[in-house]
J.: 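For reference, the structure I am asking about is given below.
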Amino acid sequence: MPELPEAESFRRYLDSNSIKRRIEAVEVHDERVLGNASKEKMIYALKGHQIDHTVRHGKYVGAELDSSQVLVLHFGMTGSVKFFNKNDTPPRFATMQLNFEDGHCLAFTCIRILCRVFLSESMKEFIEWKKLGPDALDGLSMDLFKELISRRTGRIKAVLMDQHFLAGIGNIYADEILFRSGIHPMRTADSISEGEIASLFNNIGDVLGKAVDEGADWERFPDDYLLTVRGPMGRCPSCGTRLEMVRVSGRSSYYCPYHQFLGRVHSIDPPSHRMIF
DNA sequence: CGTGGCTCCTGGCGGC
DNA sequence: TGCCGCCAGGAGCCAC
């Protein structure tokens, strides 16, 4: 589930505790997380070096080393990072761990092994290698968004989640962005009007920006957000209609059938005012 | 170019 | 109480 806001939180976490500490040892507990380098290569690249600064592109966090190489983290669904003291109990599900000279450690944890660590010569090179689209929050202009979307014909939700199109949006935030834009997830990109494109663009910035500002902590999200009630029992925060679910590119997609409709007109009646929330 | 289906992966949950 | 089977979903891959 880590999408752009969660990745940004992890980047800030790394930035506040793991930079400028020399790496004394590297422990690889599960080699399946190694994305493009062998265990030996990974250890060689990290040992004796330190993280100078951190960057993020989409859902990827880069830890730039003093060697000018970059350690890139991708969190999959359940990935996280945990900074701790070597005398403390190490976190569960640590797949890789950096032990710093000063006695602190940084663990890259992952319950399902869907997360990956990569080694790259630079973040720029990594982005090109992965063919990632522009970051959904950083440097995306309305003109660029409009141009990118005009080349697509697939389902709008699939397009939003396509990391080659825009980097950073996953299943959950895509549902939120579509909800706030009043667009049904099954709509095709070429059916989206100019006004809807503007709405989508603004909601991408608003939703991801708000989530980043709140530290990706759902407890602090506004009451009118869909994602906090997203599920088969959920009701539209605006009108109380029971949410419906469709699958778009294999992902469950929750939407309000009253606010997000496929055709030109509503397919369902407006919600009753007597509806119990 | 697009889509659906499969794969990886395992904790958690519903059903019996 | 226990176990089976399914679900969650980010991303890559493949067939069509």
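Because the structure is predicted, anything quoted here is derived from the model rather than measured.
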J.: Roughly, in whole Å, what's the span from CH2 in A/Trp129 to P in C/dA11?
T.: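 It is 13 Å, rounded to the nearest whole Å.
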J.: Nearest to the side chain of A/Tyr60 - B/dC1, C/dG12, B/dC9?
T.: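 Between B/dC1, C/dG12, B/dC9, the one nearest the side chain of A/Tyr60 would be C/dG12.
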J.: Search all heavy atoms of A/Thr228 against all heavy atoms of A/Trp218 and return the closest pair with its distance.
T.: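 Heavy-atom minimum between the residues: CG2-O, 3.7 Å.
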J.: Any chain of hydrophobic side-chain contacts (each under 4.5 Å) joining A/Leu4 to A/Val55?
T.: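 Cluster IDs for A/Leu4 and A/Val55 differ.
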J.: Taking the side chain of A/Arg152 as heavy atoms from C-beta outward, which of B/dG2, B/dT10, C/dG9 is closest to it?
T.: B/dG2
J.: Considering only side-chain heavy atoms of A/Arg155, which listed nucleotide, B/dG4, C/dG12, B/dC9, is closest?
T.: B/dG4
J.: By nearest atom, which of the nucleotides C/dG10, B/dT3, B/dG11 is closest to the A/Ile111 side chain?
T.: B/dG11
J.: Please compare A/Arg247 and A/Asp30 by the position of their nearest nucleotide in DNA chain B and report the one closer to 5'.
T.: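 This one resolves to A/Arg247.
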J.: Testing the basics here: between A/Gln69 and A/Ala45, what is the closest heavy-atom pair and its distance to 0.1 Å?
T.: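 Residues A/Gln69 and A/Ala45, closest heavy atoms: OE1-CB, 3.4 Å.
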J.: Between B/dC9, C/dG10, C/dG9, which one does the side chain of A/Glu3 approach most closely?
T.: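 Of the candidates, C/dG10 comes closest.
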J.: What contact category does A/Gly154 fall into here, base, sugar-phosphate, or nothing, at under 4.0 angstrom with non-hydrogen atoms?
T.: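 Sugar-phosphate, no base atom in range.
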J.: Report which part of the nucleic acid A/Arg92 touches: base, sugar-phosphate, or nothing (heavy-atom distance under 4.0 Å, all strands).
T.: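 The residue A/Arg92 makes no contact with any strand.
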J.: Take atom CE of A/Met186 and atom P of B/dG4, then tell me their distance rounded to the nearest Å.
T.: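 These atoms are roughly 7 Å apart.
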J.: Just compare C/dG9, C/dG10, C/dA11 and give me whichever is closest to any side-chain atom of A/Met77.
T.: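 The answer is C/dG9, which lies nearest to the side chain.
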J.: Looking only at heavy atoms, which two atoms of A/Phe179 and A/Cys256 are closest? And how far apart?
T.: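 That closest heavy-atom pairing would be CE1-CB, 4.0 Å.
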J.: Round to the nearest Å and state the distance from A/Leu114 atom CG to C/dC7 atom P.
T.: 17 Å
J.: Check this one for me: any side-chain N or O of A/Thr153 less than 4.0 Å away from OP1 or OP2 of B/dG2?
T.: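 Yes, within the criterion.
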J.: Quick one: is C/dG10 close enough that its OP1 or OP2 comes under 4.0 Å of any side-chain N or O from A/Gln163?
T.: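 False: A/Gln163 side-chain N/O out of range (4.0 Å or more) of C/dG10 OP1/OP2.
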J.: What integer distance in Å separates A/Lys157:NZ from C/dG10:C1'?
T.: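 About 13 Å, once rounded to whole Å.
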J.: Side-chain donor or acceptor of A/Arg251 under 3.5 Å from a matching atom on the base of C/dG10?
T.: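 Yes, a donor-acceptor pair under 3.5 Å.
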J.: Rounded to the Å, how far apart are A/Ile169 CD1 and C/dG9 P?
T.: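 In whole Å, C/dG9 P and A/Ile169 CD1 are 16 Å from each other.
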J.: For the pair made of CZ in A/Arg151 and C1' in B/dG2, what is the distance, rounded to whole Å?
T.: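 After rounding, the gap between these two atoms is 16 Å.
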J.: Return no unless some side-chain N or O of A/Thr78 is found under 4.0 Å from OP1 or OP2 of B/dC9.
T.: no
J.: Roughly how many Å is it from CZ in A/Arg112 to P in B/dT10, rounded to a whole number?
T.: 10 Å
J.: Taking only N and O in the side chain of A/His74, is any of them less than 4.0 Å away from OP1 or OP2 of C/dG10?
T.: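 For C/dG10, neither OP1 nor OP2 has a side-chain N or O of A/His74 closer than 4.0 Å.
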J.: Going by modelled atom types, is there a donor-acceptor pair between the base of C/dA11 and the side chain of A/Arg116 at under 3.5 Å?
T.: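 There is none.
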J.: Determine whether A/Leu119 and A/Val72 fall in the same hydrophobic cluster, where Ile, Leu, Val, Met, Phe, Trp and Tyr are linked whenever their side-chain heavy atoms lie under 4.5 Å apart.
T.: no
J.: Look up atom CZ in A/Arg187 and atom CG in A/Leu178, then write down how far apart they are to the nearest 0.5 Å.
T.: 10.0 Å
J.: Calculate the interatomic distance between A/Lys59 atom NZ and C/dG9 atom P; express it in whole Å.
T.: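 Answer to the nearest Å: 11 Å.
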J.: Among the candidates C/dG10, B/dG11, C/dA11, find the nucleotide nearest to the side-chain atoms of A/Met161.
T.: C/dG10
J.: Using a 4.0 Å heavy-atom cut-off across all strands, classify A/Lys130 as base, sugar-phosphate, or nothing.
T.: sugar-phosphate
